[in-house]
Amino acid sequence: MKNTRLILITLFVSLYCLPAEAQRKEISIPDIPSYLTLKCDFHMHTVFSDGTVWPNIRVLEAWQEGLDAISITDHIEYRPHKKDIQADHNRSYDLAVGAASAAGIILIKGSEITRSNPEGHYNALFLEDSNPLDTPDFFDAIQAAIDQDAFVIWNHPGWSQPNKIPVWYDIQTQLYEKGWIHGMEIVNSSSYYPLAFTWCNEKEIPILACSDVHNLIPAKNLIERGSHRAMTLVFAKEKTKESIREAMFAGRTAAYFGNNIYGKSEFLKPIFCASVAVEALSPLKDTKSIRIQMTNESDLDYELVNQEYPDGFSGPEIIKLPAHHSIIISFKNKEAVKSWAKIKILFAVSNLLLAPEESLIINLPGLNNY
Ligand SMILES: [Zn+2]
Ligand SMILES: [Zn+2]
């Protein structure tokens with residue numbers, strides 16, 4: 001009986017603390033020259049708004065899944081558990097910050113300003129104090145965030161719209177013209193908004209992908225490789241809160257959702273180059289064919305689609321390069337080629353997207369010369 005009680009106590013303790021044998025899945029998306037590629041989720045909820053978990057669980061999940069930084073963004077205005085949980089708007093951050101520092105997770109104080117359309121929902125990040133955002137007028141609430149030099153994100157712009165297609169109202173024009181939309185979710189949970197991606201490209205608004213998770217994240221998603229929440233990649237000089245902030249205001253973000261990364265070629269190209277090692281297996285000079293080994297050390301399954309072969313040349317139309325695998329491909333020409341390294345054969349990387357209908361273009365076999 002005593003033993004059973006001991007086991008039960010141990011089980012109870014291990015549920016709420018980081019167990020000694022806990023495992024963290026490392027996400028393999030490489031750093032790029034000059035910047036670390038930080039894996040971040042800036043949108044999630046706890047029991048302090050309409051979520052169903054205690055704040056420290058969000059930290060534990062983030063640690064297990066391999067994230068570097070998170071923000072708990074409980075709704076200011078929508079708190080369905082308030083009968084049972086009465087606290088100010090800083091409380092979820094205060095309850096998670098100790099667990100975050102113990103786990104090495106950067107915790108950014110945030111809140112979600114929550115209005116019906118046309119205003120919509122906005123996350124304010126890097127707050128000092130969430131309480132001043134609790135004010136009836138929408139513009140006053142945003143102003144309270146701006147007064148704290150917050151990074152303001154227009155969340156899920158297609159939310160509650162027909163077919164989830166985003167609508168840009170006058171309100172957004174007013175905010176944008178004031179310089180108060182610093183970022184936009186092009187992915188929220190399982191919804192991707194191509195139109196929002198187009199707007200961000202046109203208006204130079206940094207893009208984000210966020211989980212907006214409300215319930216416990218299934219253990220499978222935390223543990224399995226390739227199975228992950230929507231997240232934002234931040235290209236930061238250092239792994240610090242200040243560095244993340246600097247990178248976000250400078251627009252150095254990308255959206256990671258499913259097997260796709262959405263963003264600018266200045267970030268996606270180096271990610272591809274750092275993910276994939278290319279090696280020639282046969283002589284590069286004076287041959288009619290060349291064999292190339294490509295090794296993908298990232299978590300992404302790359303798919304390369306040929307754009308057009310120059311006259312006389314042939315090779316694969318589609319190259320599938322699974323995560324953590326190597327493949328061998330070959331190219332041929334009717335004549336011997338003086339230098340294969342100088343031959344341009346262009347491929348679109350279909351899972352690295354610069355715009356809704358535009359993929360990153362790379363050059364093979366111009367080795368490492370993308
Ligand atoms: Zn929302
Ligand atoms: Zn939310």
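Just follow the structure's listing: the first ligand is 1, and inside any ligand the first atom is 1. All of these numbers come straight from a predicted model, not from anything done at the bench.
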*Under the 3.5 angstrom rule, does the side chain of H45 hit a backbone N or O of T73 as a donor-acceptor pair?*
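Present.
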
*Have a look around the Zn ion (ligand 2) and list protein N/O/S atoms under 2.8 Å, or say none.*
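Less than 2.8 Å away from the Zn ion (ligand 2) sit H43 NE2, H45 NE2, E112 OE1, D212 OD1.
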
*asked:* Just checking H325: does its NE2 atom have more than 12 heavy atoms from other residues, nucleotides or ligands closer to it than 6.0 angstrom?
replied: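 Open: at most 12 neighbouring heavy atoms sit under 6.0 Å from NE2 of H325.
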
*Enclosure of Y78 OH (heavy-atom neighbours >12, cutoff 6.0 Å)*: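 No, the 6.0 Å shell around OH holds no more than 12 heavy atoms from other groups.
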
*Find out whether the Lys NZ or Arg CZ of R91 is both under 6.0 angstrom from the six-membered ring centre of F48 and within 45° of the ring's axis.*
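No, R91 and F48 do not form such a contact.
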
_Pair F331 + F313: ring centers closer than 6.0 Å_ =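 They do not qualify: ring centres at least 6.0 Å apart.
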
_Any donor-acceptor pair under 3.5 Å linking the side-chain atoms of H75 with those of T114?_
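The criterion, which ignores hydrogens and geometry beyond distance, is satisfied for H75 and T114.
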
